[in-house]
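Everything quoted here is computed from the prediction, not taken from an experiment. The figures here come from the full heavy-atom set of this structure, side chains too, leaving out hydrogens, waters and symmetry mates.
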Amino acid sequence: MNNYKDTPELSARMHSPLMERIVELKENFYVEAGKYDYAPKDLADAMDNYDRVLELTGSVCDEVIAPNAESVDREGSHCSGGRVQYSQGTAQNLKVMHQAGLSGFGLPRQYGGLNMPVTVFSAVCEMISRADASFQNVWGLQSCADTINEFGSPEQKEKYLKMASNGATMSMDLTEPDAGSDLQSVMLKATEDPENGCWRLNGVKRFITNGDSDIHLVLARSEEGTTDGRGLSLFIYDKRNGGVNVRRIEDKMGIHGSPTCELVFTGAKAELCGDRRLGLIKYVMALMNGARLGIATQSVGIQDAAWREAVAYAAERRQFGRNIDNFPAVYQMLAVMKAKIEASRSLLYETSRYVDIYKSLDAIAKVRTLTPEERQESKRYSRLADALTPISKGMTSEFANQNTYDSIQIHGGSGFMRDYACERLYRDARITSIYEGTTQLQVVAALRYVTSGVYSQYVKDMLATLPDSEIKAAISAMVEKLDAMTAHVMELKETELTDFCGRRLMESAAYCVMCILLLRDSIETPDLFDKSLKVFLDYAGSQVDGHSTAVMSWTLESMQYYK
């Protein structure tokens, strides 16, 4: 078994037509070929390298991470003397991943990194999450180094990016006891220490994933007398300098291998990253978009694991003289689960590809002036990535919860027992629709793209490039219903009603986008995606119909029943 080789649907997403552009931009038109022995010389060389890395990851997932998952869940992490001790399995996972050369995944080669695209990173994270979602929280946070690469000083890059490439763990310390989703309320204090040429951090952070990491990105209040986001800056803290202790590890429902910590900062020495006052406004927003895409990858991996557990159980469990996967009630559930996975992948990897293009152009812009065409390209893909990220995170995490629920249901009473992996997957999935921005916050982020018609136009533009078919007509009908719902709430010009309808509008838009992306995938590779497309279209159409019925009937008066 290999978590990459046994998933041709994942491999297909790595060979999108957009990859040619992604590779040439990520490799800056292959200028490093010959300078580094592992830098590709052309597209074929790069794609072969990606496949090798993904196959290697698939082997590690199957041979090490997945076998450790159950013991990691039972053992969890421990806190002793203000420090975190990983479970034995998590420590082994980290060691093996680093020995496999998978540290510094997306970082430039000059700092010891692999210079891999976000799209490939997403695939690796999906496979790790399928094996053990909690380990993805530990290993995947190395992506925090991308923020230092983008906004840090040359000295910070030289120091911290090389540490990350050498296996240093990372965390982003944002949340506080009184500042969860409302990060503008962060009050951890940053005080400049000119005598020692540093800053000092004092206060408490809570719910910090992998909170005893080697390198921390810390959001703190640097401007005396401020109370909003304009007084916040971003800092880098190196654990070797001391000054931060773990007060406790949270006792969580799931993802036990990932230590969620409460941290106490006491005069902790730190470095300012980037400019003052831009911590939340600029740097954390960029950090959070990457983190939300990371949760989407985690959600897809959990979905896939839950579906595989259900398929295996249903093929073996006999009731009334036959295997239960022969009963319509069961095989319908399995088909819908699979369709949700493929729709999620279509959305996730399209979003990842858009991020790759604009991020690579941003990096090139630091060494030369972009052409007018490149500036337009960067602007276009940045807008698309910003639009698709909230629906990617929102929908894939909700599907992760639904698929793990259905997996337990297919297992029946056995699924409620800890003897089966679906019970752990169900607990691990629950957090995905909460952290890095709840589904409700993803609705808020997506709603402006709904009301401005961005999603609708995106689907219409893609429909225009595809041949006529019954499925194309069905998607067009869904878009018409989305447009009608949007027009209805906009005509009433009541912000509260628009927000009230927000979840249904966002989901309807997401279903339209996922259907068109899955249709395109099906046209390119029908043997892999045709069945899932038809199942998902049936499911999505019924969901949009229900949302349409509700939204078109709602008024300010009918809202009162919900208060």
TODO: Measure the shortest side-chain to side-chain distance between N210 and Y86 over non-hydrogen atoms and say whether it is less than 4.5 angstrom.
DONE: yes
- [ ] Determine, stepwise, if the pair Q298 / Y435 fulfils side-chain hydrogen bond (donor to acceptor under 3.5 Å, both in side chains).
- [x] CA-CA 12 Å; Q298 185 181 56; Y435 60 8; 2.4 Å; yes
Task: Inter-residue atom distance C422.SG - I408.CD1, 0.5 Å rounding - done: 5.0 Å
Task: Side-chain donor-acceptor contact under 3.5 Å, Y349 with E126 - done: yes
Open item on the list: Side chains of L463 and I516, heavy atoms from C-beta outward: is any pair under 4.5 Å?
Closed with: yes
Task: Closest non-hydrogen atom pair, G180 against T175 - done: CA-CG2, 3.8 Å
TODO: Determine whether the side chains of S433 and R430 contain a donor N or O and an acceptor N or O closer than 3.5 Å.
DONE: yes
Open item on the list: For the CD atom on E250, are there more than 12 heavy atoms of other groups (residues, nucleotides or ligands in this structure) within a distance under 6.0 Å?
Closed with: yes
TODO: Would you check if T209 and S171 make a side-chain contact, meaning some heavy-atom pair closer than 4.5 Å?
DONE: no
Task: Whether Y420 and Y313 hold their rings parallel, tilted or perpendicular, with breakpoints at 30° and 60° - done: perpendicular
TODO: Find the distance between OH (Y354) and CG (L388) and round it off to the nearest 0.5 Å.
DONE: 6.0 Å
Task: Close side-chain approach of R345 to T7, heavy-atom, < 4.5 Å - done: yes
TODO: Establish, yes or no, whether a centroid distance under 6.0 Å links the rings of W139 and F121.
DONE: yes
Task: Ring geometry between Y405 and Y426 (parallel below 30°, tilted from 30 to 60°, perpendicular above 60°) - done: tilted
Open item on the list: Are Y4 and S11 packed together at the side-chain level, in the sense that at least one heavy-atom pair is separated by less than 4.5 angstrom?
Closed with: yes
TODO: Please check if atom NZ in K531 has more than 12 non-hydrogen atoms from other residues, nucleotides or ligands closer than 6.0 Å.
DONE: no
Open item on the list: Listing request: all salt bridge (charged side-chain N to carboxylate O under 4.0 Å, His left out) pairs with a residue in residues 172-182, at least two apart in sequence or in separate chains.
Closed with: E176-K205
- [ ] Before giving the answer on side chain to side chain contact (heavy atoms under 4.5 Å, CB included), spell out for L263 and H216 the whole-Å C-alpha distance, their side-chain angles and the decisive distance to 0.1 Å.
- [x] CA-CA 11 Å; L263 306 178; H216 299 230; 4.1 Å; yes
TODO: Considering non-hydrogen atoms only, spot the tightest contact between G101 and L114 and give its length.
DONE: O-CD1, 3.3 Å
Open item on the list: Give me the atom names and distance for the closest heavy-atom approach of N115 to K26.
Closed with: ND2-O, 3.2 Å
Open item on the list: Using only atom types and a distance under 3.5 Å, with no angle test, would you say the side chain of S360 pairs donor to acceptor with the backbone of I357?
Closed with: no
TODO: Flag the pair D483 and K460 as a salt bridge only when some basic side-chain nitrogen lies within less than 4.0 angstrom of an acidic carboxylate oxygen.
DONE: yes
Task: Nearest atoms (heavy-atom pairs only) where T297 meets Q136 - done: OG1-NE2, 4.2 Å
Open item on the list: side chain to side chain contact (heavy atoms under 4.5 Å, CB included) for L107 and D146? Distances and angles first, verdict last.
Closed with: CA-CA 7 Å; L107 297 179; D146 295 338; 3.6 Å; yes
TODO: Go through N289 and T389 one step at a time and tell me if the side-chain hydrogen bond (donor to acceptor under 3.5 Å, both in side chains) criterion holds.
DONE: CA-CA 7 Å; N289 273 342; T389 294; 5.0 Å; no
TODO: Kindly compute the distance separating CG (L519) from OG (S522), expressed to the nearest 0.5 Å.
DONE: 6.5 Å
Task: Separation between CG of N68 and CG of D73, rounded to the nearest 0.5 Å - done: 12.0 Å
- [ ] Tell me, yes or no, whether the heavy-atom count around Q440 atom CD, taken from other residues, nucleotides or ligands under 6.0 Å, exceeds 12.
- [x] yes
- [ ] Start with the C-alpha distance between R424 and E309, add both sets of side-chain angles, then the distance that settles salt bridge (charged side-chain N to carboxylate O under 4.0 Å, His left out), and finish with yes or no.
- [x] CA-CA 11 Å; R424 169 174 53 84; E309 291 292 325; over 6 Å; no
Task: Main-chain N/O of Y331 paired with D325 side-chain donor or acceptor, under 3.5 Å - done: no
Task: Worked check of side chain to side chain contact (heavy atoms under 4.5 Å, CB included) between K534 and I471 - done: CA-CA 8 Å; K534 291 172 181 173; I471 292 177; 4.1 Å; yes
- [ ] Measure the shortest side-chain to side-chain distance between H98 and N93 over non-hydrogen atoms and say whether it is less than 4.5 angstrom.
- [x] no
Open item on the list: Please report the interatomic distance OH(Y50) to NE2(H15), rounded to the nearest 0.5 Å.
Closed with: 11.0 Å
Task: Heavy-atom neighbours of F500 CZ exceed 12 at 6.0 Å - done: yes
Task: S134 side chain to I255 backbone, donor-acceptor under 3.5 Å - done: no
Task: Polar side-chain atom of D132 near backbone of A69 as donor-acceptor pair, under 3.5 Å - done: no
TODO: Please report the closest heavy-atom contact between T90 and G257, naming both atoms and the distance.
DONE: OG1-O, 3.8 Å
- [ ] State the OG1-CG distance between T169 and D214, to the nearest 0.5 angstrom.
- [x] 3.5 Å
TODO: Ignoring hydrogens and angles, tell me if any N or O in the side chain of T432 forms a donor-acceptor pair with the backbone of A429 under 3.5 Å.
DONE: yes
Task: Check: S77 main-chain N/O paired with Q85 side-chain donor or acceptor under 3.5 Å - done: no
Open item on the list: Please check: side-chain N/O of Q442 versus main-chain N/O of G437, any donor-acceptor pairing under 3.5 Å?
Closed with: yes
Open item on the list: On a heavy-atom basis, which atom in L528 and which in A12 lie closest, and how many Å separate them?
Closed with: CD1-CB, 3.9 Å
TODO: Would you indicate whether the side-chain heavy atoms of T396 and Q303 approach each other to under 4.5 Å?
DONE: yes
Open item on the list: Does R353 form a salt bridge (charged side-chain N to carboxylate O under 4.0 Å, His left out) with E350? I'd like the steps, not just the answer.
Closed with: CA-CA 5 Å; R353 289 188 282 266; E350 192 74 355; 2.8 Å; yes
TODO: Show your working on side chain to side chain contact (heavy atoms under 4.5 Å, CB included) between S299 and F399 and close with a plain yes or no.
DONE: CA-CA 8 Å; S299 299; F399 283 173; over 6 Å; no
Open item on the list: Keeping K252 on the side-chain end and S258 on the backbone end, is there a donor-acceptor pair under 3.5 Å?
Closed with: yes
- [ ] Can you tell me which residue pairs pass the salt bridge (charged side-chain N to carboxylate O under 4.0 Å, His left out) test with a partner in residues 394-409, sequence neighbours excluded?
- [x] E398-R503
Task: Greater than 12 external heavy atoms within 6.0 Å of R448's CZ - done: no
Open item on the list: Can you classify the ring geometry of F536 versus Y511 as parallel (below 30°), tilted (30 to 60°) or perpendicular (above 60°)?
Closed with: tilted
TODO: Count the heavy atoms of every other residue, nucleotide or ligand shown that sit under 6.0 Å from NZ of K472, and state whether that count exceeds 12.
DONE: yes
TODO: Check the surroundings of atom CE in M253: do more than 12 heavy atoms from other residues, nucleotides or ligands lie under 6.0 Å from it?
DONE: no
- [ ] Check whether any side-chain heavy atom of M485 sits under 4.5 Å from a side-chain heavy atom of S508, and report yes or no.
- [x] yes
Open item on the list: Check whether T549 reaches the backbone of D545 with its side chain - one donor and one acceptor, N or O, closer than 3.5 Å.
Closed with: yes
Task: More than 12 heavy atoms from other groups under 6.0 Å of CZ on F416 - done: no
Open item on the list: Treating N401 as the side-chain partner and S397 as the backbone partner, does any N or O pair qualify as donor plus acceptor under 3.5 Å?
Closed with: yes
